[in-house]
Amino acid sequence: MTDTIITRFPPSPTGYLHVGGARTALFNWLYARKTGGKFILRIEDTDILRSTEESVRAIFEGLEWLGIDWDEGPFYQTKRFDIYKKYLDQLLAEEKAYCCTCSAEEVETMREKARAEGRNPMYDGTCRHKKLPPQPGAVVRLLTPDTGSTRIDDVVKGPIAIPNTEIDDFILCRSDGVYTYNFAVVIDDLTMHISHVIRGDDHVSNTPKQILIYEALNAPVPKFGHVPMVLGPDRTRLSKRHGALGVMEYKKMGFLPEALLNYLVRLGWSHGDQEFFTIEDMKELFTLEAIGRSPGVFDVDKLTALNAEHMQKKSPAELLPLLLEQMTALGIPHGPEDPRLPAIIALLQPRSKTLVEMAQQAESFFVDPTSYCEVAAKKNFKGGSVDVLKKIEEKLMTAEEDSLEAMEALLQSVCDEMDLKLGKVGGPLRVALTGKGQSPGMGETLALLGKERSLPRIRAAIAHLETF
RNA sequence: GUCCCCAUCGUCUAGCCCGGUCCAGGACACCGGCCUUUCACGCCGGCGACAGGGGUUCGAAUCCCCUUGGGGACGCCA
């Protein structure tokens, strides 16, 4: 009826938003944005037992964090039963679906039998021609063809054909009156005018069933695109046992949403050799044709590298609120609006792969070291270190300003006067000031710490060395 | 077991559709080196793959077949 592109993301609220789901959401979203189409959010909560309100909130939270917004919805399938009923009645009236009173146990026996005979386990059609009237406890099944095959013209995988003998008369409506996934999706996609169904590979075997429903309804079939799964390091489908999967876990680990998105879009899709994509790049360049056909292994190292790159490309002002949030989450004290923050961030940007790393390194600028890193102290606190620190203390005390230039000049003069290389001066100072073996340059550190904070730390180190 | 899908460096991938320009390119990781007051960043270099076998062809990573391997699905879950 219209040629605008309409995609959708239909999570089932049985858990948080995981990276696999986020990726399919991303692909659908990007395709809609790229083509100026619409992106719909639909909550598939027909599994009454497992669907929870909490999961719905978790999914919203994840999408919001990622910046994936939707144009319509969220629609809830459990609120659309009247619509499903209308279509089901039509199918029943046209005898394209029928009632079945076989028990779950009976069906299970049929499946075992089929398996034993080397066939695909499925329902054998016992109630097919019984013309049973609707009754409590009965399920409604689709009357599927016994011959021929059903074709999918998959936009990412190409043509796929499944023999109809492999498809049984599956259930459209359960005995408790709740519609099944396969039926609800079709009716929703149909009534929402979804043009492209982009979803995980794991749905390919559902697709012919769904196509059969469209055909029974004489309805137009949308385009399907099945994207390969995301695998864990052991090359099986990514799942809880592979570690942190909830999208919000990645936030906790200090990843930027755009970095996660960048990583996810590249996992299974490519645009030549380009690795770095901003959200805008993705919206502009994404195509269904460039989605790969083979599954990919999720690699945190690569995500981390991409995250580092995104962090470097952001401005300190953009990073500021994110860093403060992270520091708070980690319990690292920070001045609410410390004017030094932008400068600290700029210094830490090239040496932080995640916000967590940045927060941990930023700690030195707000909290005095409570102990000295053992290896760093061993390497840098040795004979002569006290003298170096005393010299620095002396000069710092009389310093008129603590600008970067002044601090670097101060350090240089210490070297000159004591006839030492910069390394001999920077080493002990670094441990004194930060307690660590690594930090930004000493000139910068001194300048940002300022005289007032630096002096006590240096004195503490001197005291430590003298009593030791 | 049955059906479907997939197959380029350890990983993500370019190239494949429209065979030659590919003794296969990029990125992550790893290993060296340079830079350097430490750690990073940056730069330079290295390691490293067309699963195997048959065809087709003057010529195949690219086309066809088989084998093997991997993934997925077989629910009154989605």
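Please read these numbers as outputs of a predicted model, since none were measured by experiment. Residue numbers begin at 1 in each chain, while the letters A, B, ... track the order of the sequences. Atoms considered below: every heavy atom in the structure, side chains included; atoms not considered: hydrogens, waters and symmetry mates.
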When all nucleic acid strands are considered with a 4.0 Å heavy-atom cut-off, which category describes [X]: base, sugar-phosphate, or nothing?
| X | result |
| --- | --- |
| A/G296 | sugar-phosphate |
| A/C102 | base |
| A/H226 | nothing |
| A/S439 | base |
| A/S175 | base |
| A/E166 | sugar-phosphate |
| A/G118 | sugar-phosphate |

Do [X] and [N] share a donor-acceptor pair, side chain to base, under 3.5 Å?
| X | N | result |
| --- | --- | --- |
| A/R430 | B/U38 | yes |
| A/R351 | B/C41 | no |
| A/S205 | B/C3 | no |
| A/D201 | B/G72 | no |
| A/N206 | B/A78 | yes |
| A/E108 | B/G75 | no |
| A/K157 | B/C5 | no |
| A/K302 | B/A27 | yes |

Within this structure, what is the [atom1]-to-[atom2] distance between [X] and [N], rounded to whole angstrom?
| X | N | atom1 | atom2 | value |
| --- | --- | --- | --- | --- |
| A/L422 | B/C35 | CG | P | 16 Å |
| A/F224 | B/G72 | CZ | C1' | 17 Å |
| A/Q412 | B/U37 | CD | P | 10 Å |

For atom [atom1], what is the distance between [N] and [M], given to the nearest Å?
| N | M | atom1 | result |
| --- | --- | --- | --- |
| B/G15 | B/U8 | C1' | 9 Å |
| B/C63 | B/C18 | C1' | 12 Å |
| B/G53 | B/U13 | P | 26 Å |
| B/C28 | B/C4 | C1' | 32 Å |
| B/U38 | B/C34 | P | 13 Å |
| B/C50 | B/U62 | P | 12 Å |
| B/A60 | B/C22 | P | 16 Å |
| B/G75 | B/C66 | P | 28 Å |

Against the six-membered ring of A/F366, is A/R340 placed for a cation-pi contact (under 6.0 Å from the centre, within 45° of the normal)?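 Flagged: A/R340 positioned over aromatic ring of A/F366.
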
Assess the residue pair A/S352 and A/Q361 against the criterion (side-chain hydrogen bond (donor to acceptor under 3.5 Å, both in side chains)); give the C-alpha distance rounded to whole Å, side-chain angles, the decisive distance to 0.1 Å, and a yes or no. CA-CA 8 Å; A/S352 312; A/Q361 295 180 86; 3.2 Å; yes

Going by purine N1 to pyrimidine N3 plus the second Watson-Crick contact, or the G-U wobble pair, all under 3.5 Å, which nucleotide sits opposite [N]?
| N | value |
| --- | --- |
| B/A49 | none |
| B/C23 | none |
| B/C63 | B/G55 |
| B/C3 | B/G72 |

With ring-ring contact (aromatic ring centres under 6.0 Å, His included) as the test, pick out the partner of A/F277 among A/Y263, A/W269, A/F286.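 Going through the options one by one, the only one that passes is A/W269.
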
A/F75, A/F39, A/F60, A/F9 screened by ring-ring contact (aromatic ring centres under 6.0 Å, His included) with A/W70, the one that passes: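 It is A/F60, the one option of A/F75, A/F39, A/F60, A/F9 that forms the ring-ring contact (aromatic ring centres under 6.0 Å, His included) with A/W70.
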
Would you please confirm or rule out a distance under 4.0 Å between OP1 or OP2 of B/A78 and any side-chain N or O of A/R199?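 Answer no for this pair, as no side-chain N or O of A/R199 is under 4.0 Å from OP1 or OP2.
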
When you get a sec, tell me which of B/A7, B/G71, B/A40 is the closest nucleotide to the side chain of A/M229?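 Side chain of A/M229 sits closest to B/G71.
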
Checking the side chain of A/Y84 only, and the main-chain atoms of A/V178 only, is there a donor and an acceptor separated by less than 3.5 Å? no

Test your reading of the model: is there a side-chain donor-acceptor pair from A/S149 to the backbone of A/P163, 3.5 Å cut-off? no

A/D201 and its side-chain hydrogen bond (donor to acceptor under 3.5 Å, both in side chains) partner, picked from A/R237, A/R293, A/K157: A/K157

